[in-house]
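In listed order, ligands and their atoms are each counted from 1.
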Amino acid sequence: MTKDTIYIKTWGCQMNEYDSSMITQLLLNKYHFKKTNIPELANILILNTCSIREKAQEKVFHQLGRWRKLKEKNPAIIIAVGGCVAVQEGEEIYKRANYVDIVFGTQTLHKLPEMIKQVKNKNKHIIDITFPVIEKFDFIEYPKFPGVTAYVTIIEGCNKFCSFCIVPYTRGHEISRPVDELLLEISILAERGVREVNLLGQNVNAYKGKTFDGKICQFSELLRLVALIDGIDRIRFTTSNPIEFTDDIIDVYSDTKKVVSFLHLPVQSGSDRILKMMKRAHNVKEYKDIIKKIIKARPNIQISSDFIVGFPGETQEDFEKTLQLIKEINFDASFSFIYSSRPGTPASDLLDTISIEEKKKRLYVLQNLIKQNTKIWNEKMLGSIQTVLIEGPSHKNPMELSGRTENNRIVNFEGKPNMIGHFINLKITKINSNSLRGHYSKKFNN
Ligand code: SAH
Ligand code: F3S
């Protein structure tokens, strides 16, 4: 009999990417499944979904419709739907797509092998979207070839309940993974070639993990501990929240060079009135004060953010305050979205009177402003020497290499394969729309 072969499609945030790699490692290493990048060659199709905005949610049912056709040709195919849409919709998924076999949650992905077995034996659909106390990490299997950069989830869930956001309902309450478990995972990744780690969570700065002797380790301490791991020379983290971005975390920027000079700190709006309606629990001044302190600790830092335009009741004046904040902070490349009403969130009860044309206009204006800022940041890099972690061959031209700067720019250059996995100093010689061009010279690296 041929082996079970999985095809997995992942949408949404980096935590979903991490979850999908956990699923893949578990099924491949422990259960000896095979993996394919071609859905037609798989007998198990897995969709890891995102429900942060309405469009992301609708995409799920379109994708399932495509997979239905494969299942009509081969009824032995098993279709599994996981992630945030699975948690939010639960049984509803079967109502809209009765050919789905498995619905699993963000906290039950480790049960997938057992669920697959049950579907095969009993031939009926299964659902488990419960929130057991982060059991899933007990089933972790480490990748043999993780590459040079890796994601590691340090905290799950969110307690903040911003009025527009679905995350607290789909990922549950904040639960931090124990420190030792994280240090072990990152050390193993480092031994297998990882040089840069990206610590993940909806609010990484809320991290409060247990130590082996029952104490609580704060995020600032965790950063310093990760910086001690041999081989890990760059530390990133996503996402932080202005709430709990405390002075002890800011101090890390003064003494821990391995933490990159690039911070993603979502603000959502530059209007206090809107921030209050969003239940963000911080105002614009508090946000600016945090940024000021961070810049004092790390003068060359670049800040990026998330913005929502067209939140119910957002006036032109509110919107202009957001533009003003963008100019003041000089945000680098950021994410911005039109507000999307999510069922079950408090904001979905608010009257939405702004036309879609107006929302699109505001998004366009905001994105243009950010683009200008990003361009200015790029131009500052022209002619400078940047330390680039070389990730592998360039996607555009496989004869060249590609890597990333500390501020997340992709740099393509002519280099040698043995540079992969190393930090190399490159001179930035050209700015393209989505990447930079670098030049390697021995004299920069002596
Ligand atoms: N933990 C992060 C947010 C994670 S969600 C924080 O502290 O802000 C990622 C981003 O999606 C949010 O920052 C927000 O900009 C956007 N987002 C979340 N819900 C949304 C909604 N209902 N409509 C539009 N954008 C939304
Ligand atoms: Fe969402 Fe706010 Fe938490 S944006 S993830 S509820 S911090």
Side-chain angles (χ1 to χ4, degrees), residues 11-18 49-59 83-85 87-88 106 153-176 198-207 219 237-246 249 263-271 274-284 286-287 290-291 303-314 319 322 325-326 331 333-350 352 354 356 359-360 362-363 366-367 370:
W11 284 322
C13 63
Q14 292 146 326
M15 293 181 75
N16 261 15
E17 295 284 343
Y18 182 82
T49 63
C50 169
S51 63
I52 197 86
R53 284 168 289 277
E54 194 183 354
K55 265 194 186 154
Q57 175 135 356
E58 275 311 304
K59 242 166 89 173
C84 292
V85 176
V87 173
Q88 210 198 347
T106 49
T153 294
I154 63 165
I155 176 169
E156 281 273 330
C158 182
N159 297 349
K160 307 292 185 283
F161 290 91
C162 299
S163 65
F164 54 84
C165 185
I166 197 81
V167 169
Y169 310 93
T170 57
R171 291 232 163 223
H173 280 290
E174 284 166 8
I175 302 178
S176 301
N198 195 337
L199 308 177
L200 299 181
Q202 295 300 343
N203 292 289
V204 279
N205 53 316
Y207 178 82
F219 184 55
F237 51 85
T238 9
T239 307
S240 310
N241 191 300
I243 301 300
E244 295 170 295
F245 209 93
T246 43
I249 300 172
L263 171 66
H264 183 67
L265 193 61
V267 64
Q268 315 298 353
S269 169
S271 156
I274 297 295
L275 287 177
K276 210 167 171 190
M277 290 206 286
M278 288 177 163
K279 297 224 167 4
R280 284 292 286 181
H282 61 81
N283 61 28
V284 176
E286 283 158 349
Y287 183 86
I290 296 171
I291 301 288
I303 313 284
S304 69
S305 200
D306 287 349
F307 300 93
I308 294 178
V309 300
F311 186 81
E314 184 191 64
F319 175 61
T322 304
L325 183 68
I326 294 173
F331 286 108
S334 295
F335 299 99
S336 43
F337 315 95
I338 288 177
Y339 167 74
S340 171
S341 172
R342 305 315 294 123
T345 60
S348 66
D349 295 334
L350 298 173
D352 187 359
I354 313 164
I356 185 66
K359 288 177 186 167
K360 282 187 181 163
R362 287 183 193 174
L363 186 70
L366 187 148
Q367 289 187 335
I370 304 249

Which residues and atoms, counting only protein N, O or S, are under 2.8 Å from atom 2 (Fe) of ligand 2?
Cys162 SG

What's the shortest heavy-atom distance between Tyr287 and Leu265, and which atoms?
OH-O, 2.6 Å

Restricting to non-hydrogen atoms, name the atom on Leu366 and the atom on Ser336 that form the minimum distance, rounded to 0.1 Å.
CD2-CB, 3.6 Å

The side chain to side chain contact (heavy atoms under 4.5 Å, CB included) partners of Asn159 (sequence neighbours excluded) come to His173, Glu174

Glu286/Arg280 salt bridge by N-O under 4.0 Å criterion:
no

Could you list, one pair per line, each nitrogen or oxygen of ligand 1 together with any protein nitrogen or oxygen closer than 3.5 Å, giving atom names and the distance rounded to 0.1 Å?
| residue | atom | partner | partner atom | Å |
| --- | --- | --- | --- | --- |
| ligand 1 | 1 (N) | Gln202 | O | 2.5 |
| ligand 1 | 7 (O) | Asn241 | ND2 | 2.9 |
| ligand 1 | 8 (O) | Gln268 | NE2 | 3.0 |
| ligand 1 | 8 (O) | Arg280 | NH1 | 3.0 |
| ligand 1 | 8 (O) | Arg280 | NH2 | 3.4 |
| ligand 1 | 11 (O) | Arg53 | NH1 | 3.3 |
| ligand 1 | 13 (O) | Gln268 | NE2 | 2.7 |
| ligand 1 | 13 (O) | Asp306 | OD2 | 2.6 |
| ligand 1 | 15 (O) | Gln268 | OE1 | 2.7 |
| ligand 1 | 22 (N) | Phe164 | O | 3.0 |
| ligand 1 | 22 (N) | Ser340 | O | 2.8 |
| ligand 1 | 23 (N) | Ser340 | N | 3.0 |
| ligand 1 | 25 (N) | Arg53 | NH1 | 3.4 |

What pairs of donor and acceptor atoms, side-chain ones from residues 51-59 against any protein atom, are under 3.5 angstrom apart with sequence neighbours left out?
| residue | atom | partner | partner atom | Å |
| --- | --- | --- | --- | --- |
| Gln57 | OE1 | Arg342 | NH2 | 2.6 |
| Gln57 | NE2 | Glu89 | OE2 | 2.7 |
| Glu58 | OE1 | Arg96 | NH2 | 3.4 |

If you take all heavy atoms of Asp352 and Gly310, which pair is closest and at what distance?
OD1-O, 4.4 Å

I need the Tyr339 OH to Glu314 CD distance, nearest 0.5 Å.
12.0 Å

Supply the atom-to-atom distance Tyr207 OH to Phe237 CZ, rounded to the nearest 0.5 angstrom.
14.5 Å

Just so I know, are the side chains of Ser348 and Pro343 near enough to count as touching, which here means a heavy-atom distance under 4.5 Å?
no

